[in-house]
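What follows is one structure encoded as structure tokens, with my remarks underneath.
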Amino acid sequence: MTKPNIPKGTRDFGPLEMARRNYIFSTIRNVFARYGFQQIETPSMELMSTLMGKYGEEGDKLLFRIQNSGEKANEAPEKGLRYDLTVPFARYIVQHRDELQFPFRRFQIQPVWRADRPQKGRYREFYQCDVDVIGTDSLVSELELIQIVEDVYQALGIRVCLHLNNRKILAGIAEVIGAPDKIIDITTAIDKLDKIGLENVNKELSERGLADDSIAKLQPILALQGSNEEKLDAIAEVLAGNETGTKGVEEMTQIIDLMKCQLSTINYQLDLTLARGLNYYTGTIFEVKALDVQIGSITGGGRYDNLTGIFGLPNVSGVGISFGADRIYDVLTELNLYPASMMNATQVLFATFGDAELRYALKWAKQLRKENIRVEVYPEPAKMKKQMSYADSKAIPLVAIVGGNEMESDTVMLKNMTTGEQSQVTIEQLINKIKKV
RNA sequence: GUGGUCAUAGCUCAGUUGGCAGAGCAUCGGAUUGUGGUUCCGAGUGUCGUGGGUUCGAGCCCCACUCUCCACCCCA
């Protein structure tokens with residue numbers, strides 16, 4: 001017998017983990033619903049032609065390919081597992097555009113797969129919770145997503161910092177320092193600023209072929225300090241006269257203004273080092289980091305002006321963010337922030353002494369369930385010790401013991417497992433006691 | 001994809017220069033036939049990740065593979 005196993009980077013979820021995960025998903029779902037977003041799902045697998053070339057060279061390598069069956073088994077795979085929820089969503093919009101009312105507000109909570117090498121907070125199968133608004137340029141959409149971030153993390157009790165940037169500002173910087181074609185190199189290098197330090201960033205920029213005087217011009221921008229307003233003023237000055245960059249500053253200013261109008265209390269920070277790898281972002285970029293756990297970003301997203309263009313529907317602007325459920329799980333676990341009620345645990349267990357008692361208990365259980373009480377009946381009249389141990393190990397707070405005496409008087413012996421107290425009660429009394437506990 | 005690291009009972013882990021495969025927890029039974037969580041007694045459990053090699057003899061040494069975790073790349 002070889003030991004059973006699961007593929008690298010995948011996980012089983014037991015009852016406790018599922019209760020926790022469902023708590024996260026339902027919290028997120030409830031917030032999304034409050035903003036009028038509607039849920040969709042797309043297939044786990046997409047055609048390779050849909051997936052290829054959408055995530056850059058690196059992304060193509062990380063796609064899981066599905067081998068063809070039958071006669072085509074040896075030909076190139078025509079299907080692959082989805083890598084994220086955004087590209088399948090873009091395909092969905094193009095395919096169903098005639099059925100949709102724009103601006104279209106959708107959310108989607110499904111697993112995605114990446115053939116990455118696993119490590120902490122990084123899996124080959126993980127869930128994303130995407131929420132997007134498609135078909136409007138309005139920055140109110142950005143504001144709403146920021147409000148959603150605020151609501152979700154407030155509900156979960158996680159302290160976070162929202163990092164904000166704008167791709168147009170980054171493009172403007174690249175133009176101003178005289179290296180407009182190097183925007184990707186510049187952003188991926190300065191993204192690492194707080195990780196590897198200024199000196200190494202400059203070294204990397206040089207290695208990526210950036211001219212020395214361009215690097216020199218970049219220094220004041222990398223060194224920006226102060227409040228969000230001060231930083232924004234400073235960058236506006238640097239970018240004055242540059243059309244793209246100024247547009248980005250205007251967008252950022254407007255978003256901050258809208259946040260004030262909604263009395264947003266979220267902790268946010270203008271972060272020019274925030275780049276985000278995906279190259280389809282064109283405007284605002286978001287990233288959320290947990291303040292009390294070091295795990296990378298737990299939510300990320302941004303605006304993309306022409307995502308559906310690659311599928312033949314140009315000029316449709318959208319903005320969206322993705323909550324990383326698996327990382328949020330790790331954060332909540334590390335900070336021990338799950339509410340006790342999340343388990344939906346059994347409220348009362350029936351323990352019986354014989355077959356007649358078992359049947360009696362089943363009748364009672366049915367009535368309690370009608371009252372929306374979570375009930376278990378121990379399925380056989382085993383030794384009382386065994387039935388009690390079962391209740392104890394599952395932390396069931398109440399045990400209703402049924403023997404001959406109880407049946408005769410139409411009662412059960414109700415034991416409170418935390419205090420050890422017990423008393424003989426009728427069904428009405430039982431229902432009242434359970435609702436009190 | 002590059003570099004490192006780990007794997008022994010259901011779980012967490014000991015295991016000496018290479019010489020009989022171990023402990024705690026959990027499980028099951030009993031002390032206690034109508035009462036759990038505390039206590040005491042007893043019991044079972046292993047292709048030592050997989051395959052090969054060295055050796056009289058390998059959990060231990062060598063090689064390959066798989067898996068875990070970590071760093072890089074990239075990312076949620």
Side-chain angles (χ1 to χ4, degrees), chain A residues 1-11 14 24 28 55-63 82-86 109-130 184 187-189 191-192 195-196 200 204 274-279 286-290 294-302 320-331 349-354 357 378 381-407 412-424:
Chain A
M1 254 302 264
T2 54
K3 276 192 183 174
N5 210 347
I6 54 176
K8 190 203 287 209
T10 65
R11 296 150 299 158
I24 294 168
I28 290 174
Y55 309 105
E57 207 179 312
E58 203 65 35
D60 284 352
K61 275 193 250 168
L62 298 180
L63 286 171
R82 75 166 99 75
Y83 178 91
D84 72 356
L85 301 179
T86 307
I109 299 177
Q110 288 190 275
V112 303
W113 293 269
R114 295 182 189 178
D116 211 350
R117 195 177 290 204
Q119 52 180 279
K120 186 180 175 67
R122 181 178 247 192
Y123 308 97
R124 289 186 147 183
E125 177 184 63
F126 61 96
Y127 275 72
Q128 288 189 332
C129 311
D130 270 33
I184 305 259
T187 52
T188 50
D191 187 32
K192 298 175 193 163
K195 206 168 177 180
I196 63 175
N200 290 319
E204 184 159 339
L274 170 61
R276 294 198 56 80
L278 297 174
N279 30 28
F286 316 96
E287 200 159 284
V288 178
K289 286 183 177 154
Q294 197 148 22
I295 195 168
S297 82
I298 52 180
T299 293
I321 52 171
S322 179
F323 288 82
D326 299 83
R327 286 191 178 174
I328 292 171
Y329 178 97
D330 289 343
V331 170
L349 172 81
F350 281 87
T352 59
F353 283 107
E357 287 91 338
Y378 200 89
K383 284 187 179 159
M384 194 44 56
K385 179 188 168 94
K386 190 165 183 175
Q387 301 187 60
M388 297 297 283
S389 302
Y390 177 81
D392 190 59
S393 66
K394 280 191 73 176
I396 298 172
L398 296 169
V399 176
I401 299 160
V402 186
N405 300 337
E406 286 79 13
M407 286 204 292
V412 295
M413 182 63 77
L414 184 67
K415 172 155 182 163
N416 182 317
M417 295 296 277
T418 27
T419 63
E421 291 169 72
Q422 60 182 52
S423 58
Q424 211 164 332

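Owing to the predicted nature of the structure, the values given are computational and were not obtained by experimental measurement. So that the names make sense, note that chain A is the first sequence line, chain B the second, and so on, each numbered from 1.
Counting atom types as modelled, A:R117 pairs a side-chain N or O with a base atom of B:U2 as donor and acceptor under 3.5 Å.
Under the Watson-Crick and G-U wobble criteria, each requiring two contacts below 3.5 Å, nucleotide B:U54 is left unpaired. Nucleotide B:G37 is matched to nothing when pairs are restricted to Watson-Crick or G-U wobble geometry with both distances under 3.5 angstrom. The partner of B:C75 cannot be assigned: no Watson-Crick or G-U wobble pair with both contacts below 3.5 Å exists in any strand. Across every strand in view, B:G22 sits in a pair with B:C13 that passes the Watson-Crick or G-U test at under 3.5 angstrom. Across every strand in view, B:A43 sits in a pair with B:U27 that passes the Watson-Crick or G-U test at under 3.5 angstrom.
Atom-to-atom, CZ of A:R124 to P of B:G1 comes out at 8 Å; the value is rounded to the nearest Å. The CG-P distance, from A:D84 to B:C74, rounds to 18 Å in whole Å. Look at CD on A:E125: it is 17 Å from C1' on B:C75, rounded to the nearest Å. For the pair A:Y83 OH and B:C74 P, the computed distance is 12 Å after rounding to whole Å. Regarding A:I298, its CD1 atom lies at a distance of 15 Å from the C1' atom of B:C75, rounded to whole Å. Regarding A:W113, its CH2 atom lies at a distance of 25 Å from the P atom of B:C74, rounded to whole Å. To the nearest angstrom, C1' of B:C73 lies 14 Å from CZ of A:R114. B:C6 atom C1' lies 16 Å from atom CD of A:Q119, rounded to whole Å.
Separating the P atom of B:G18 from that of B:G29 is a span of 43 Å, rounded to the nearest Å. Separation of the P atoms belonging to B:G59 and B:A9 is 14 Å when rounded to the nearest angstrom. Taking atom P on both nucleotides, B:G53 is separated from B:A14 by 30 Å, rounded to a whole Å. Between the P atoms of B:G30 and B:G52, the separation comes to 45 Å (whole Å). Comparing the P positions of B:A58 and B:C48 gives a spacing of 12 Å, expressed to the nearest Å. Between the C1' atoms of B:U16 and B:C72, the separation comes to 38 Å (whole Å). Separating the P atom of B:G57 from that of B:U38 is a span of 49 Å, rounded to the nearest Å. Here the separation of B:G37 from B:G10, taken at their C1' atoms, is 22 Å to the nearest Å.
When each of B:G3, B:G30, B:C72 is scored by its nearest atom to the side-chain atoms of A:K383, the top-ranked nucleotide is B:G30. Considering only the side chain of A:K8, B:C67 comes nearest among B:A76, B:G1, B:C67.
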Contact letters for nucleotides 34-41 of chain B, in which S counts primed atoms plus P, OP1 and OP2 and B counts the base, heavy atoms under 4.0 Å: BBBB----
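In this structure a side-chain-to-backbone donor-acceptor pair under 3.5 Å is missing from A:R82 to A:W113. A:D326 places a side-chain N or O within donor-acceptor distance of the main-chain N or O of A:Y127, the cut-off being under 3.5 Å. At distances below 3.5 Å, at least one donor-acceptor pair connects side-chain atoms of A:Q387 with backbone N or O atoms of A:A382.
In this structure, A:V331 and A:I328 have side chains that are not in contact, with every pair of non-hydrogen atoms separated by 4.5 Å or more. Residues A:F350 and A:V402 meet the side-chain proximity criterion, which asks for heavy atoms closer than 4.5 Å. Counting heavy atoms from C-beta on, the side chains of A:R114 and A:F126 come closer than 4.5 Å.
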Test log, rule side-chain contact (heavy atoms from CB on, under 4.5 Å), inputs A:M417 and A:M388: CA-CA 9 Å; A:M417 295 296 277; A:M388 297 297 283; 3.8 Å; yes
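Counting non-hydrogen atoms under 4.0 angstrom, A:G9 reaches the backbone sugars and phosphates but no base. Residue contacts for A:Y123: at a heavy-atom cut-off of 4.0 Å it reaches a base atom on one of the strands shown. Within 4.0 Å of A:D116, counting heavy atoms only, lies at least one base atom of the nucleic acid.
Taking the six-membered ring for Trp and thresholds of 30 and 60 degrees, A:Y390 and A:Y378 have ring planes more than 60 degrees apart, a perpendicular arrangement.
Each of A:Y127 and A:P118 was matched to the nucleotide of RNA chain B holding its nearest heavy atom; the match closer to the 5' end belongs to A:P118.
Rounded to the nearest 0.5 angstrom, A:T352 OG1 and A:M407 CE are separated by 9.5 Å.
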